[in-house]
Amino acid sequence: TKASQTKQVLVKYSGGNPTNYTLGQMRFQKSDFSLEILNTSRQDGQLYEYIVSKGPEEEVWQIQLKVYESVSDPSIQILSRDLANGSCSLSLRCSAERGDDVSYSWGSRDSSASGICSGNSSFLNLSYPPWNGSVPCVCTATNPVSSRAVTFDSSECSSE
């Protein structure tokens, strides 16, 4: 059985002149041989080849392009709140509505609260004495192309 493979040529550069077969979709930069994709879409995330022909030899590079949607502003939801035995316990969930391959982390801008607020998932369990005042915990939603943060003020507990 014979197998054939068809590839779409985006730009051909020969004799000092580029031929762009994708006008309006891609822009070829003659100065540095870069290819700019205009109005990137998910369909652009695929395997690309860059071929240089020198006489009887061909040099081929393969480039896997991944397209990510940026992370939207995350929000924090209180899953549970418990005031008992002189301490306050909160269970929190941080989530971003949009974004691909999102990871979450918790921390604090206040160094005294960094241990209380540390975590590496979308969930965080907080426990501290109510007289401690407010503990500002920051949730950061991150993916390979963007990062957004939101702060939770735990004065929720001291107000009751």
Side-chain angles (χ1 to χ4, degrees), residues 5-11 20-51 60-160:
Q5 187 180 27
T6 303
K7 295 178 183 176
Q8 181 188 0
V9 176
L10 304 176
V11 176
N20 188 344
Y21 295 105
T22 59
L23 288 172
Q25 293 175 284
M26 304 208 179
R27 186 182 298 139
F28 177 72
Q29 303 293 342
K30 193 173 164 179
S31 58
D32 61 1
F33 286 81
S34 64
L35 191 62
E36 178 186 359
I37 301 173
L38 308 171
N39 299 319
T40 310
S41 69
R42 290 190 187 278
Q43 289 75 23
D44 296 318
Q46 58 182 312
L47 186 67
Y48 292 89
E49 283 187 347
Y50 179 76
I51 303 169
V60 180
W61 287 273
Q62 290 194 329
I63 301 157
Q64 179 66 53
L65 177 68
K66 293 188 177 180
V67 178
Y68 296 93
E69 181 182 30
S70 295
V71 174
S72 62
D73 286 326
S75 61
I76 296 172
Q77 178 185 9
I78 300 172
L79 300 177
S80 68
R81 173 175 36 205
D82 185 28
L83 281 165
N85 301 326
S87 71
C88 178
S89 296
L90 291 167
S91 181
L92 308 174
R93 179 176 181 255
C94 179
S95 61
E97 267 186 42
R98 292 184 316 280
D100 297 313
D101 291 350
V102 182
S103 61
Y104 298 91
S105 62
W106 290 86
S108 178
R109 292 188 181 98
D110 181 354
S111 59
S112 66
S114 59
I116 296 172
C117 296
S118 65
N120 284 319
S121 77
S122 60
F123 298 96
L124 179 70
N125 291 315
L126 276 174
S127 187
Y128 59 93
W131 60 83
N132 203 22
S134 66
V135 179
C137 292
V138 179
C139 169
T140 306
T142 307
N143 75 356
V145 295
S146 61
S147 181
R148 298 285 184 108
V150 62
T151 302
F152 176 78
D153 191 340
S154 60
S155 57
E156 293 276 341
C157 281
S158 56
S159 62
E160 287 188 9

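Being a predicted model, the structure only gives us computed values, none of them experimental.
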Output yes when a side-chain donor or acceptor of D73 lies under 3.5 Å from a complementary backbone atom of R148, and no otherwise.
no
List the residues meeting side chain to side chain contact (heavy atoms under 4.5 Å, CB included) with S70, not counting sequence neighbours, and say none if there are none.
V145, S146
Rounded to the nearest 0.5 Å, the NZ atom of K7 sits from the OH atom of Y48 at a distance of 14.0 Å
SG (C117) and CZ (F152) are apart, to the nearest 0.5 Å, by 10.0 Å
Before you tell me yes or no, could you show the steps for S34 and E36 under side-chain contact (heavy atoms from CB on, under 4.5 Å), namely the whole-Å CA-CA distance, both residues' side-chain angles and the distance that decides it to 0.1 Å?
CA-CA 7 Å; S34 64; E36 178 186 359; 5.9 Å; no
Non-hydrogen side-chain atoms of V138 and V150 separated by less than 4.5 Å:
no
Might you work through the side-chain contact (heavy atoms from CB on, under 4.5 Å) test for S91 and F123, ending with a clear yes or no?
CA-CA 7 Å; S91 181; F123 298 96; 5.6 Å; no
Quick one: SG on C94 to CD on Q77, what's the gap to the nearest 0.5 Å?
10.5 Å
Check: N143 side chain, E69 main-chain N or O, donor-acceptor pair, under 3.5 Å
yes
Mind listing the closest non-hydrogen atom pair of L10 and L35 along with its distance?
CD1-CD2, 3.9 Å
Please name the pair of heavy atoms, one in L124 and one in S118, separated by the smallest distance, quoted to 0.1 Å.
CD1-O, 3.7 Å
Determine the minimum heavy-atom distance between P74 and C139, stating which atoms define it.
CG-O, 4.3 Å
Calculate, to the nearest 0.5 Å, the distance between atoms SG and CG belonging to C88 and D82 respectively.
8.0 Å
What's the shortest heavy-atom distance between S72 and A96, and which atoms?
O-CB, 3.6 Å
Are S41 and Q43 close enough, and set up right, to give a side-chain hydrogen bond (donor to acceptor under 3.5 Å, both in side chains), and what steps lead you there?
CA-CA 5 Å; S41 69; Q43 289 75 23; 3.1 Å; yes
Quick check against the 3.5 Å criterion: does T140 have a side-chain atom that pairs as donor or acceptor with the backbone of A149?
no
Enter the distance from I76:CD1 to C137:SG here, rounded to the nearest 0.5 Å.
8.0 Å
Going from CG on L83 to CG on L90, what distance comes out if it is rounded to the nearest 0.5 angstrom?
8.0 Å
Identify the two heavy atoms, one from R93 and one from L79, that lie closest to each other, and give their separation to 0.1 Å.
CB-CD1, 3.8 Å
Whether F33 and F28 hold their rings parallel, tilted or perpendicular, with breakpoints at 30° and 60°
perpendicular
Determine whether L126 and W106 satisfy the following criterion, side-chain contact (heavy atoms from CB on, under 4.5 Å), listing intermediate values before the conclusion.
CA-CA 11 Å; L126 276 174; W106 290 86; over 6 Å; no
Residue list, salt bridge (charged side-chain N to carboxylate O under 4.0 Å, His left out) with E97, at least two apart or on another chain:
none
Provide the closest heavy-atom pair for I37 versus T40 in the form atom of the first, atom of the second, distance.
O-OG1, 3.7 Å
